[in-house]
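Both counts, for ligands and for their atoms, begin at 1 and track the order of listing. The basis for the numbers below is simple: all heavy atoms, side chains too, and nothing from hydrogens, waters or symmetry mates. Computed from a predicted structure; not experimentally measured.
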Amino acid sequence: MASSTLICDTEQWKDLKAHVDDIKKTHLRELMSDTQRCNSMMVEFDGILLDYSRQCATLETMDKLFKLAEAAGLKGKINRMFNGERINSTENRCVLHVALRAPRDAVINCDGKNTVPDVWQVLDKIREFSERVRSGSWVGATGKPLKDVVAIGIGGSFLGPLFVHTALQTDPEASEFARGRQLRFLANVDPIDVARNITGLNPETTLVVVVSKTFTTAETMLNARTIREWISSALGPEAVAKHMVAVSTNLTLVEQFGIDPNNAFAFWDWVGGRYSVCSAVGVLPLSLQYGFSVVEKYRLSYFLVSFGKTDAVDTRFLQGASSIDKHFYSAPFDKNIPVLLGLLSIWNVSFLGHPARAILPYSQALEKLAPHIQQACYHLFASFVSMESNGKGVSIDGVPLPYESGEIDFGEPGTNGQHSFYQLIHQGRVVPCDFIGVVKSQQPVYLKGEVVSNHDELMSNFFAQPDALAYGKTPQQLQHENVPHHLIPHKTFPGNRPSLSLLLPSLSAYNIGQLLAMYEHRIAVEGFIWGINSFDQWGVELGKSLASQVRKQLHASRKKGEPVEGFNFSTTTMMKRYLEGSADVPQDPPTLLPHM
Ligand SMILES: O=P(O)(O)OC[C@H]1O[C@](O)(CO)[C@@H](O)[C@@H]1O
């Protein structure tokens, strides 16, 4: 175990620790009255406005945070990522999801080899294949066009594509491209998820995309075998070649599964699962649903952006992500949105002691943003939930962290969340909030006779909530309003609750790409400062291996009547109850229920 310096041992960290008391003395009400401060805490880039004036922070705090970034070598770490160094040291891998959205003529090396031509080779293959499927020149085993797609995958091979698909669904242009087509996602190994996903689908018109980086993930492989059975029992085993394709880094296992390697779409070990939405993982299912032209036009647009002709820019998903990549790589830290977001998270978690963050998009189209980001951000605290990227208890050198890092993320679109957990964030625990608003709705509706349009109604809440959290309501104000004495404690809002607001111009594919990349890079910034490896996920392994022991036991007990052995008292008791309670379930049921 290396004994490298932890960030908490630096003067800059200690300086911030000492600064906490000053900040705690000042209520956000006072901070918000300083217009100059508020103005300095607004940053604009490429149509996005970030307002972080409602953070419990002063300009002095920001200055100290920038110094902390310097002490952590943040710029150097960002450069090492973009330069294709093996910064994922525990897996000995480069971290190059930015190469997935680079133009054809870009050079992004990993071990001295340019990754971009390989990226493009797969993109060209996706374009060709998705156009054949969409045009009906690639047909199913019975000659019918394939209009429905089921993408099977879990974790990073599911949540990112689901987020983008959900966000694009109501975009007028994207939905026009998707007319008459369906895209569904099968993730959970729960057979209920299989049943729900294939209900109403006809195998004759369904294309299945098996998405798995490793092609060994238990849930995905069982679901893939189940759906392969659904297809072959209806259309014969030879139909699999026409109805199943794959996205993976492991093309050997794809072939062994029975999928024609010509119908496999590669990606690379330098793409982390949860950062893979811009690879074939997302681009294939999304191109099948919305058309590859989205991606193709993006490439042209990127070229134009590089030469400053932004007026000719088309509005596409990957281009939006790429625009943020460039900004993240080159903007000074005080104008760099992902860097600012990351530093503010560090401040809230490690200094102010707020372990959670609420992600609150005021757009139903972004309902899958929080589930996607949770995966990338959750952290193992001494007694808290663990998830991927920043869910680490040790530094990148293996040194136990003596400070809190990572965040517990959760969220719901506004205004739904206002009617559930907002009570807690107003009067209970302090949870820093990300409010995300959109200037132009994907679906403008203005009813005659209404005071405001439906979107204005939604956005009234987006503007009101951050101020309610920041200012609160004092007992004096309540007295003034003649609130009965006994209700004053109940109606008092302490305020001083931090939030930040992101205002996007619209929710086009371009903006969705921007949002995705902002969060991806924010997470990297946090990991770089905390000195952890945000790109591995060893914490998911233990549960997997214990599940495999349980699987063996269930098999042995059911098939050979062997007793439950080798587990602790609690698990043994629960497993016995489970086995006894399900003993009357037929051992060889039909693979799929009749209603499927
Ligand atoms: O794409 P695969 O290899 O099936 O893995 C699925 C997911 O499982 C994990 O390995 C662990 O949850 C994720 O990192 C990954 O995105």
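If you take CG on L288 and CD on E131, they are separated by 11.0 Å, rounding to the nearest 0.5 Å.
At a 4.0 Å heavy-atom cut-off, ligand 1 touches K213 through backbone and side chain alike. Proximity of V540 to ligand 1, defined as any heavy-atom pair under 4.0 Å, is confined to the side chain (atoms from C-beta onward).
The shortest N or O to N or O distance between F215 and ligand 1 is not below 3.5 Å. In terms of polar-atom proximity, K544 is not counted as a contact of ligand 1, lacking any N or O under 3.5 Å from an N or O of the ligand.
Ring planes of Y290 and H165: tilted class, angle from 30 to 60°. In this structure, Y275 and H97 have parallel ring planes: the angle between them is below the 30° cut-off, well short of the 60° mark.
Between the side chain of S276 and the backbone N or O of V271, no donor-acceptor pair lies under 3.5 Å.
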